[in-house]
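A quick write-up on the structure given underneath.
To find a chain, count down the sequence lines: A is the first, B the second, and so on, and within it residues start at 1.
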Protein chains: 2
Amino acid sequence: MEIADTPGVIVTVDTVLLTLCDGTLHVALLKREHAPFEGVLALPGGYVHVAEDASTWDAAARVLRDKAGIESPYLEQLATFSGAGRDPRGWSVSVAYCALVPQMLLRGGHGGVKLLPVEGLPVLPFDHKSIVAAAVARVRAKSQYSSLPVYLCGDSFTLPQLQAVYEAVLGEPINKVSFRRKIEQLGMLEAIDGAQEQGRANRPAQLYRLRKEFNRRLSLLDRALNARD
Amino acid sequence: MEIADTPGVIVTVDTVLLTLCDGTLHVALLKREHAPFEGVLALPGGYVHVAEDASTWDAAARVLRDKAGIESPYLEQLATFSGAGRDPRGWSVSVAYCALVPQMLLRGGHGGVKLLPVEGLPVLPFDHKSIVAAAVARVRAKSQYSSLPVYLCGDSFTLPQLQAVYEAVLGEPINKVSFRRKIEQLGMLEAIDGAQEQGRANRPAQLYRLRKEFNRRLSLLDRALNARD
DNA sequence: GCAATAGTGTCTGTAAGACAGTATAGT
DNA sequence: ACTATACTGTCTTACAGACACTATTGC
C-alpha cells in the first residue's frame, strides 16, 4: 500500500460567483476570516473536506452555501490553478468553479458578500484576479453560442430582458431579429401561457421560462465529470 | 499558521495523449507499474512532485517525458476529476491534461506505449474512460473553429493532408473550397517557398507550416493560467 | 389619438457549399 | 496523350443584420 495522500499539497476550491448589477457583470467577494490575507477581499473558497464532500463540485457548492448563503442553480468547473508560488502556505491546487445567479437570489445571501464590477477590480490575493478573468472569458465565450445567460435571469423573463442580459455579458448590442431567431432555433425556452409583463405604457411582453429538459443541463454535464464513473 | 497540506487527498495528474493512426484518433496507454491495477493498461499519470514541478502543467509534461518518452508540443489542461470513489487508495484529485502529437513523434517514445482507437476502448481503471471521452469531445469541439488539428501533423504538411486530419478528427467530410477559405482567413499557416510534395503521379501540393507567432499559442494560453500571476 | 415598446415581414449583403474548370506532376 | 490530384473561378443557397411595418398597452 502506498501513501494515502500527497504530502505538502494544499487542495482547495475557489468559486467565481457572477451576477448582473446595473447592467454589468459583478463578482462576489468575501473578507477572508483567516490568515493568509485575513480581512482582505477574496473569492469564496476553502479546503476540500474529505468527510463531507463527494467531489470538488460538492465542495464548491458547500463553500457557496456556507460562506455566501447561496444555492447556485449553475455551477460549472472552470479550471484548476496550481503551483508553488500562488499560496504562501505552500504548493497548492485550487479547483476553480464558476457560478451564475440572478441578482435577486443574492438578496437572501449572507450580509458579508461584496459585489464588485469585474472590470477594474482591486488587487486580489493569491491568483484570484486570473481566476476571475478566466471565468469572465469563459462566460463571454459560451454566451456567444449557448443559452448560458439565462441563468442570470430569474425563473421567468421576457425576450427583451434576456436580450439585455446577453448584451450586458457580451458588451455589445445585438440585432433584435437575429437574437430572436437564434433563441427560437436553440429551442430551450417556452412561453408561459397568458403570462405577460404588466404595468408599463406599451405593448406587454410575453414571459418565457427555460424548458425543464434544459434546466441545469450544462451543470449536469459537469457533474457527470465528477461522478464515480 | 494552518496545516501545510490537505490530509487524505491524493493529488495526481493524468494525460490523454492523442494521435492519428490509420485515419482515426488513438489514445496512448501504459501498463501500470504499481498497485492499484498493476499491469493494467491506463492513462499515463502520476503524483504531483512538489519539489520538481512548478505546476500541474509541469507535472503532466514530466509524466509524458519520463513515462512515455515524449515531449508534446501541445499540452492543455482538460478538467479535474475528483471524489472519494474514483481511486481505491482514497479521496483523490486528478488534474487531466490533453496532448496532441503527430504519429511520427511517437516513434521515438518508449516501447511500452500502446495506441488504441478512442472508439471501442476496453474497460479502463479509475475513471480513465470518462477522461478520454472528455478529451475527445474537447478536441472535436475545438477543431470546429480553431487550428488545433495542426498539432497532429508534423512540421510541414500539405493542405490536402491537413484537410484529411480535420476530417478524421471530426468524422465527416469537409468541403474543399470552404476548408481552404477557412484556413486562409485564420491566417496561421504560411507556404514554404519552393517546397512541394514530390513523388506522385499528379500535380504536387504546396507544403505549409504553422507561422511562428501561432506556434504553441493555445498551450501558452494554458500556461498563463498556471503561472504565478 | 399619442407615446412607447413588443413583435414580425422582407430586403440585402456576406459567407458557406457545389460544381466545373484549369494546372502540373508521373507514366 | 492520359490519369490523377492540386488548385481556382463562379454560381447558388442559407443565414445574419438592417429596416420598416404592425400590435398592444397606458395615458
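Overall, the helix from dG1(C)-dC27(D) to dT27(C)-dA1(D) carries an axis bend of 10° between its ends, with five pairs at each end and the value rounded to 10°.
Distance Gln185(A) CD to dA16(D) C1': 11 Å, rounded to the nearest Å. To the nearest angstrom, C1' of dC2(C) lies 13 Å from CG of Asn202(A). Atom CD1 of Ile183(A) and atom P of dA16(D) are 12 Å apart (whole Å). The nearest whole Å value for the distance from the CD atom in Glu184(B) to the P atom in dC7(D) is 13 Å. Atom pair Lys176(A):NZ and dA18(D):P shows a separation of 13 Å (rounding to whole Å applied). For the pair Leu186(A) CG and dC15(D) P, the interatomic distance rounds to 14 Å; values are reported in whole Å. Between Lys182(A) atom NZ and dG17(D) atom C1' the separation is 13 Å, expressed in whole Å. For Gln196(A) and dT24(D), the CD to C1' distance is 9 Å, given to the nearest whole Å.
Using a 4.0 Å cut-off, some side-chain N or O of Arg180(B) falls inside it from OP1 or OP2 of dC7(D).
Contacts of Gln206(A) with the nucleic acid, taken as non-hydrogen atoms under 4.0 Å apart, involve only primed sugar atoms and P, OP1 or OP2.
Residue whose closest nucleotide on DNA chain C sits further toward the 5' end, between Arg181(B) and Arg200(B): Arg181(B). For the pair Arg203(B) and Arg203(A), nearest-nucleotide mapping onto DNA chain C gives the more 5' position to Arg203(A).
Among Leu78(B), Thr56(B), Val16(B), the single residue meeting the side chain to side chain contact (heavy atoms under 4.5 Å, CB included) criterion with Tyr97(B) is Thr56(B). Of the listed residues (Leu17(A), Leu121(A), Ile131(A), Leu115(A)), just one forms a side chain to side chain contact (heavy atoms under 4.5 Å, CB included) with Val27(A), and that residue is Leu121(A).
The number of heavy atoms from other shown groups lying within 6.0 Å of CG (Asp66(A)) is above 12. More than 12 heavy atoms of other residues, nucleotides or ligands shown are found within 6.0 angstrom of CG on Asn175(B).
Between the side chain of His128(A) and the backbone N or O of Leu43(A) there is at least one donor-acceptor pair closer than 3.5 Å. Side-chain N or O atoms of Thr19(B) include one that pairs as donor or acceptor with a backbone N or O of Gln103(B) at under 3.5 Å.
Residues Phe157(A) and Leu189(A) have side chains in contact (heavy-atom distance under 4.5 Å, counting atoms from C-beta outward). With contacts defined as side-chain heavy-atom distances shorter than 4.5 Å, the pair Thr12(B)/Val48(B) does not qualify.
Not counting sequence neighbours, the partners of Arg209(A) by the salt bridge (Lys or Arg N to Asp or Glu O under 4.0 Å) test are Glu190(A).
A heavy-atom distance below 4.0 Å to DNA chain D is reached by these residues of residues 153-175 of chain A, ordered by number: Asn175(A).
Picking from dA6(D), dG7(C), dA25(C) the nucleotide with the shortest atom distance to the side chain of Ala205(A) gives dG7(C).
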